[in-house]
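This report refers to the structure that appears directly beneath it.
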Amino acid sequence: MIEIELDGKKVEVAEGSMVMHAAEKAGTYIPHFCYHKKLSISANCRMCLVDVEKAPKPMPACATPATQGMIVRTKSDKAIKAQQSVMEFLLINHPLDCPICDQGGECQLQDLAVGYGGTSSRYQEEKRVVLHKDIGPLVSMEEMSRCIHCTRCVRFGQEVAGVMELGMSHRGEHAEIETFVGQSVDSELSGNMIDLCPVGALTNKPFRYSARTWELSRRKSVSPHDSTGANLIVQVKGNKVLRVVPLENEAINECWIADRDRFSYEALNSAERLTNPMIKHGGQWKDVDWKTALEYVANGLRKIKEEHGVNSIGLLASPHSTLEELHLAADFMKGLGSPNIDSRLRNAEFPAAEGVRYLGMPIAALSSLQSVLVVGSNLRKDHPLFAQRIRQAARHGCVVSSLNEQAQDWALPVSHALLADASVWVQSLADIAAAVANEKGVAAPAAGTATDAAKAIAQSLLSGERKAVLLGNAAAHHAKASSLLALANWIGAQTGASVGYLTEAANTVGAQVAGVQPATGGLNAGQMLAGGLKALILLNNEPEFDSAAGKAAAALAKVAMVVSMSPFKANMDIADVLLPMAPFTETSGSFVNAEGRLQSFHAVVKPLGETRPAWKVLRVLANMLGLPGFAFESTQDILRLVPGVQVTPQGAVLDAKRLSNASSATIDLSPASGKPVTAAIYQLDSLVRRASSLQMTADGKLGHVSQEVVA
């Protein structure tokens with residue numbers, strides 16, 4: 001550590017730190033534009049000039065290394081005058097359009113111009129004009145004349161997103177930020193550039209001209225999409241969600257969110273929202289009141305139970321539902337006496353539960369891995385924020401290996417890629433295990449051949465201290481998922497690597513905690529989707545898009561009564577009753593992310609129309625059917641009853657003892673039948689599928705094409 005004097009105060013910082021880091025530690029604000037704590041230092045805005053004793057001129061705080069005994073003044077006349085001069089230069093070409101700028105009210109340039117800008121400009125020449133550019137449906141570059149060339153967006157693409165889609169061309173007053181030859185910006189993290197831009201050059205295209213920042217209420221929430229559990233700030237005006245931005249949480253999402261977290265709110269206000277209960281009568285859909293709809297469902301369930309027995313009733317729940325909804329759904333089916341409930345909609349194998357499968361390590365630890373093997377995952381598209389963390393690890397020397405069906409662009413260096421048809425992934429992983437066994441001089445867990453690729457991966461896992469074997473969505477949905485886990489556990493035990501699942505949905509872990517799996521003798525998701533039941537309740541899912549059945553889910557139309565509980569007009573071709581369910585913004589609840597962290601959230605707006613939270617609908621249905629134990633007044637009451645969850649005044653916590661990736665499965669090396677079913681990035685759930693801007697992106701269009709091909 002070294003000690004410097006900053007504005008008369010002694011500050012200790014690590015050797016190699018910059019003056020800006022010392023100021024942050026001391027709580028001293030130095031004005032800046034180009035500096036960002038998560039990006040490399042470029043020192044090209046010069047707004048952070050400070051007075052360093054014995055230096056002949058003011059020095060940039062972000063790029064001046066702190067040295068022992070250094071004396072720095074941030075508020076001396078010399079420093080203030082230098083900062084005012086820089087501000088004058090920055091404003092020379094800046095357009096005077098603050099009244100119509102979307103950044104107004106949250107603009108760094110606007111804020112600092114008040115403190116460091118002059119009352120009038122000495123510049124009389126014409127201001128430069130930069131033509132707008134169309135870079136896609138998410139980020140607007142309509143007013144690039146406002147750009148101050150801080151290059152935050154450029155560095156974000158290179159260093160965080162892993163794709164340099166923006167760059168600065170030309171020099172002097174002709175310099176401008178642009179894409180290469182008119183290309184679009186297609187990164188799955190591109191929306192973060194909007195947050196990074198300190199002026200109104202890059203703005204939110206779907207939000208453009210919708211509201212002023214001071215008109216918006218800000219409410220905390222949690223992402224309902226992938227298993228990161230990204231923390232969000234949902235911004236609301238007039239009971240309508242208008243914008244979503246990240247809430248900083250270093251342990252989970254840092255200060256970033258994926259584009260599907262940011263823009264999926266468009267679906268909340270779409271024309272496809274279901275706002276009234278509906279019943280199909282004579283082939284036509286009719287709006288009805290809640291009493292009529294619930295009586296129809298309750299009477300239908302009673303009749304089917306009497307005529308065909310309780311085993312003819314089933315429930316398929318989405319792992320994007322809240323923990324409270326899933327727990328109540330499991331209790332509802334137990335109360336009915338039916339063992340038929342499942343949330344593993346895309347799985348091809350349905351082993352008995354041995355433990356709650358999870359990441360096997362803290363999310364933050366992904367950033368410091370030294371070696372990692374990812375099996376069966378399109379990492380970048382399935383888990384954008386996990387990929388971002390592994391990308392940071394790779395920048396610091398982490399050796400990344402993959403076992404996949406085809407080569408994929410993860411926007412990070414993959415040192416060893418083992419490509420094999422999904423049917424022989426178990427054998428391929430057995431080959432890696434055989435290579436590990438050869439290196440360690442132990443017996444292999446299954447017959448395998450130590451190929452060159454397998455040896456390279458084995459050696460990478462045997463070196464270093466912080467390492468992991470991570471099973472992706474395709475591995476979890478694989479027909480021999482248990483064998484893959486058993487081999488991964490053996491490799492982890494021999495190499496010292498942690499073993500875990502990346503987990504697909506916001507509440508995949510929570511669904512296991514809530515016990516949303518068939519009881520002994522019950523039907524699993526695959527069997528229920530075949531259409532052999534007499535009554536089926538669909539909780540927040542569309543079997544055509546959310547299950548391994550796909551188009552074959554049309555067989556459910558033959559089921560005597562299908563009840564669809566969804567925020568949208570979904571399943572209309574197979575359902576008999578539609579019950580409008582509140583999305584995550586209109587209900588309270590909890591999600592358990594991949595690392596097993598339980599995060600609760602509140603509703604941010606009132607339910608739209610006659611929409612009701614799913615837990616309330618299930619409670620009323622249970623009461624109508626005379627099922628005991630459903631006298632709940634809030635989601636907190638339900639959460640207290642979830643096994644392994646402890647509710648304290650500080651918040652709810654999941655007992656870590658429930659989390660386990662241990663497996664007693666035997667390894668089956670025979671080729672698997674069928675392909676594992678996974679969702680494209682913007683087809684993952686009902687919200688992203690209905691977000692119009694996301695569907696207009698390159699990934700959104702590609703997702704539609706791939707679905708048609710699969711079907």
Side-chain angles (χ1 to χ4, degrees), residues 227 314-319 339-360 374-378 382 403-405 420-430 433 445-446 469-492 499-505 507-509 511-532 541 543 546-550 552-553 594 659-679 710:
S227 58
L315 188 150
L316 290 173
S318 167
N340 307 325
I341 182 171
D342 212 343
S343 64
R344 299 166 295 175
L345 305 179
R346 293 191 176 98
N347 284 30
E349 186 190 46
F350 302 92
E354 291 188 66
V356 174
R357 306 311 193 194
Y358 76 119
L359 186 62
V374 181
V375 180
S377 173
N378 186 355
D382 292 346
L403 169 55
N404 262 319
E405 197 163 31
D421 190 88
S423 63
V424 294
W425 278 356
V426 177
Q427 184 61 65
S428 298
L429 204 55
V469 179
L470 302 175
L471 302 170
N473 296 350
H477 302 160
H478 198 271
K480 295 192 182 291
S482 296
S483 294
L484 289 173
L485 177 59
L487 279 166
N489 279 332
W490 188 90
I491 293 170
V499 177
Y501 282 98
L502 294 167
T503 74
E504 179 184 44
N507 217 12
T508 298
V509 177
Q512 298 172 76
V513 170
V516 186
Q517 291 187 16
T520 305
L523 301 180
N524 59 48
Q527 293 165 328
M528 285 189 270
L529 286 163
N541 68 85
D546 294 327
S547 77
L659 304 171
S660 172
N661 292 317
S663 171
S664 61
T666 55
I667 298 167
D668 180 2
L669 294 177
S670 62
S673 59
K675 298 281 187 186
V677 177
T678 57
V710 169

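Computed from a predicted model, the values in this text were never measured in an experiment.
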Inset, instruction - Check the pair Asp668, Val426 against side-chain contact (heavy atoms from CB on, under 4.5 Å), reporting the backbone distance first and the verdict last. - result: CA-CA 8 Å; Asp668 180 2; Val426 177; 6.0 Å; no

Legend entry - Interatomic distance, Lys480 atom NZ to Leu429 atom CG [nearest 0.5 angstrom]: 14.0 Å

Inset, instruction - Calculate, to the nearest 0.5 Å, the distance between atoms OG and CG belonging to Ser428 and Leu484 respectively. - result: 9.5 Å

Legend entry - side-chain contact (heavy atoms from CB on, under 4.5 Å) assessment of Asn378 paired with Thr678: CA-CA 9 Å; Asn378 186 355; Thr678 57; over 6 Å; no

Inset, instruction - State, yes or no, whether a side-chain contact exists between Ser227 and Thr508 at a heavy-atom distance under 4.5 Å. - result: no

Legend entry - Within-4.5 Å side-chain heavy-atom neighbours: Leu485 and Val499: yes

Legend entry - Atom pair CD/CG of Gln517 and Asn340 - distance to nearest 0.5 Å: 13.5 Å

Legend entry - Side-chain heavy-atom pair Leu487, Pro445 within 4.5 angstrom cut-off: yes

Inset, instruction - Can you measure from CD (Gln512) to CG (Leu659) and round to the nearest 0.5 angstrom? - result: 9.0 Å

Legend entry - Residue pair Val424, Glu405: steps toward the side-chain contact (heavy atoms from CB on, under 4.5 Å) verdict: CA-CA 10 Å; Val424 294; Glu405 197 163 31; over 6 Å; no

Legend entry - Smallest separation among heavy atoms of Gly376 and Asn404, with atom names: CA-OD1, 3.3 Å

Legend entry - Closest non-hydrogen atom pair between Ser673 and Ala479, with its separation: O-CB, 3.8 Å

Legend entry - Taking every non-hydrogen atom, the tightest pair across Asn524 and Arg344: CB-NH2, 4.3 Å

Legend entry - Closest non-hydrogen atom pair between Ala475 and Trp425, with its separation: N-CZ3, 4.2 Å

Inset, instruction - Would you mind reporting whether Leu502 and Leu359 have side-chain heavy atoms less than 4.5 Å apart? - result: yes

Legend entry - Side-chain heavy-atom pair Ser377, Leu470 within 4.5 angstrom cut-off: no

Legend entry - Heavy-atom closest pair, residues Val677 and Ser547: CG1-O, 4.2 Å

Inset, instruction - For Ala481 and Ala476, work out which heavy atoms get closest and say how close. - result: CB-O, 3.7 Å

Inset, instruction - Kindly indicate whether the side chain of Leu345, heavy atoms from C-beta on, has any atom under 4.5 Å from the side chain of His477. - result: no

Inset, instruction - Please answer whether the main-chain N or O of Pro676 pairs with a side-chain N or O of His478 as donor and acceptor at a distance below 3.5 Å. - result: no

Inset, instruction - Please answer whether the main-chain N or O of Leu523 pairs with a side-chain N or O of Asp342 as donor and acceptor at a distance below 3.5 Å. - result: no

Inset, instruction - Output the distance between atom CG (Leu669) and atom OG (Ser483), rounded to the nearest 0.5 Å. - result: 7.5 Å

Inset, instruction - Indicate yes or no: at least one non-hydrogen side-chain atom of Ser663 is less than 4.5 angstrom from one of Arg357. - result: yes

Inset, instruction - Could you tell me whether a side-chain N or O of Asn541 sits under 3.5 Å from a main-chain N or O of Leu316, the two making a donor and an acceptor? - result: yes

Legend entry - Candidate pair Val509 and Val356, rule side-chain contact (heavy atoms from CB on, under 4.5 Å), full reasoning: CA-CA 7 Å; Val509 177; Val356 174; 3.5 Å; yes

